[in-house]
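Note that the coordinates shown come from a computational prediction; the quantities given were computed from them, not determined experimentally. Counting convention: from 1, in listed order, for ligands and their atoms alike.
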Amino acid sequence: MKDRYGRKIEYLRLSITPRCNLRCIYCAPEGCTDSSGALSDDDIENIGRASAKAGIRYIKITGGEPLMRRSCTGIIRRLKAIDGIEEVTLTTNGTLLPEYAEELASAGTDCVNVSLDTADAEQYAAMTGFDMLDRVESGIEALCGAGIPVRLNCVLLGGINDGAFRELLRFPETNNIDLRFIELMPIGHGKEFSFISGGSIYQEISRIHPLSPSRYRSRGPAVYFESTELIGRIGFISAVSRDFCKSCNRIRITSDGILKPCLSLGIGIDIKPYLHDETKLCEAVRDAAYQKPPMHCFCGSNAETAAMNTIGG
Ligand code: SAM
């Protein structure tokens, strides 16, 4: 499925709950325990089927914290069984992975992104509101043990966790785990903090490990580097400092059924009326792809104002 600018749109980020068990200062500091209005498992499967018909090939399950929804692994299993869907992956804060890693593997999860902004226990508690770093680290081990490819996603905030990359480097130093840096976007509470550019993190890491461009490409806009001193790669998702929109291949569905052509846009298509009509659902997915703007814009009257936990990142 191509959009009107010729981009191939084949990636759906699907939020299955707005609920989260952390209170990350730049994402959902007030937390979220209410999942009313969330799509049912059957609705989600219908969306998967219609999206596959429209041309979606890869689905990323997100939230809130997707593993807060008890049926998360069941949803992954159902989406994996749909003809045309080639990969179903998950992004999680990792705190519930010790319980779910094996189930995720048996559901056929192709890759898990673990969001981890620091490897320092005190800083972790200050940023997330909970003393759960140990659980995340056990969860990462459990994923490796279950044979699921793991990537770490880190957001650095100026004056808060700027130096956290140093300790996080131990993951790609000792394991085949990619460590990726996502630039903070000025959405929701993200506006209250200062972002650190991917370029400046690259400079800092190059002083520790010599980096060279990697040919590897994931399904998204990350740019990768490798080092003979590292087992895993270093990736940069530079949404703010670099124009990565020309390679954007994704649309999003919020947990309450709004189909978003672009993360930065506060407008979308309400697909709830079409959940039992595959033809209309498929048309809505094609429409959202068609309506993608040429590039994102974080300001203006149509800019997204919702908290990131409701969108899914
Ligand atoms: N709970 C899951 C997790 O932690 O991966 C999924 C939802 S969370 C909203 C998805 C990702 O969005 C996390 O990696 C988080 O760091 C990132 N995120 C949240 N607010 C952001 C912002 N303003 N800019 C960039 N990334 C953000």
Side-chain angles (χ1 to χ4, degrees), residues 13-33 35 38 59-69 72 75-76 89-97 100 104 109 111-118 124 127-130 132-133 135-136 139-140 143 150-158 160-161 164 168 178-198 201 220-222 235-242 244 250 252-255 260 262-264 266 296 298-299 303-313:
R13 255 185 107 94
L14 181 54
S15 173
I16 62 168
T17 180
R19 292 171 67 215
C20 192
N21 56 344
L22 295 184
R23 306 279 179 269
C24 295
I25 51 174
Y26 62 96
C27 185
E30 63 291 332
C32 178
T33 50
S35 56
I59 299 181
K60 167 87 70 212
I61 298 297
T62 179
E65 172 45 45
L67 290 173
M68 291 279 284
R69 182 160 171 163
C72 180
I75 289 171
I76 292 174
T89 59
L90 174 79
T91 181
T92 169
N93 62 32
T95 55
L96 298 170
L97 284 172
Y100 284 108
L104 285 166
T109 314
C111 177
V112 174
N113 292 358
V114 179
S115 303
L116 183 61
D117 299 332
T118 177
Y124 183 90
M127 290 183 75
T128 66
F130 292 90
M132 294 222 262
L133 181 62
R135 288 191 57 80
V136 182
I140 293 169
L143 284 177
V150 189
R151 296 193 295 223
L152 298 189
N153 283 340
C154 169
V155 177
L156 294 182
L157 311 180
I160 308 275
N161 63 335
L168 287 168
D178 293 345
L179 172 61
R180 315 189 316 164
F181 295 92
I182 302 178
E183 284 180 350
L184 178 74
M185 289 175 275
I187 294 184
H189 293 282
K191 289 189 195 116
E192 296 157 26
F193 297 91
S194 58
F195 101 111
I196 299 183
S197 72
I201 304 164
F236 295 94
I237 302 175
S238 303
V240 179
S241 67
R242 294 175 70 116
F244 73 175
R250 61 193 58 192
R252 293 172 163 79
I253 296 181
T254 63
S255 54
K260 280 173 68 68
C262 171
L263 175 61
S264 74
H296 59 217
F298 296 112
C299 43
E304 181 58 88
T305 53
M308 204 64 122
N309 67 302
T310 64
I311 308 168

Just jot down the ligand 1 atoms closer than 4.0 angstrom to any heavy atom of [X], in number order.
X	answer
Thr62	6 (C), 7 (C)
Gly312	10 (C)
Ile187	23 (N)
Glu65	1 (N), 2 (C)

Is there a polar contact, in the sense of an N or O pair closer than 3.5 Å, between Asn153 and ligand 1? no

With nothing but distance in play, are any N or O atoms of Asn113 less than 3.5 Å from an N or O of ligand 1? no

Any protein heavy atom at under 4.0 Å, with atom 8 (S) of ligand 1 as the reference point? no

Answer yes or no: is there a donor N or O on one side and an acceptor on the other, between the side chain of [X] and the main chain of [Y], under 3.5 Å?
X	Y	value
Arg252	Gly313	yes
Arg13	Arg250	no
Asp178	Arg151	no
Ser15	Gly312	no
Thr310	Ala306	no

Does only the side chain of [X] get under 4.0 Å from ligand 1, or the backbone, or both, or neither? Count heavy atoms.
X	value
Val114	neither
Leu184	both
His189	neither
Thr91	both

To the nearest 0.5 Å, what is the distance between SG (Cys24) and NE2 (His189)? 11.5 Å

Which residue and atom name correspond to the protein heavy atom nearest [atom], and how close is it?
atom	result
atom 21 (C) of ligand 1	Met308 CE, 3.5 Å
atom 18 (N) of ligand 1	Tyr26 CE1, 3.8 Å
atom 1 (N) of ligand 1	Gly64 O, 2.8 Å
atom 24 (N) of ligand 1	Met185 N, 2.8 Å

Out of [options], who gets a non-hydrogen atom closest to [atom]?
atom	options	result
atom 12 (O) of ligand 1	Gly313, Ala307, Gly190	Gly313
atom 5 (O) of ligand 1	Pro66, Gly63, Cys24, Ser115	Ser115
atom 26 (N) of ligand 1	Ile237, Ile61, Leu67, Val155	Val155

Does the side chain to side chain donor-acceptor pair (under 3.5 Å) test come out yes or no for Asn113 and Thr89, once each step is laid out? CA-CA 8 Å; Asn113 292 358; Thr89 59; over 6 Å; no

Going by heavy atoms in the side chains, are Ile196 and Leu157 under 4.5 Å from each other? no

With a sphere of 6.0 Å drawn around CZ of Arg23, does it hold more than 12 non-hydrogen atoms of other residues, nucleotides or ligands? yes

If you apply the rule side-chain contact (heavy atoms from CB on, under 4.5 Å), what do you find for Glu65 with Thr91, and how did you get there? CA-CA 8 Å; Glu65 172 45 45; Thr91 181; over 6 Å; no

When you check the gap from the basic side-chain N to the acidic O, do Glu183 and Arg242 get nearer than 4.0 Å? no

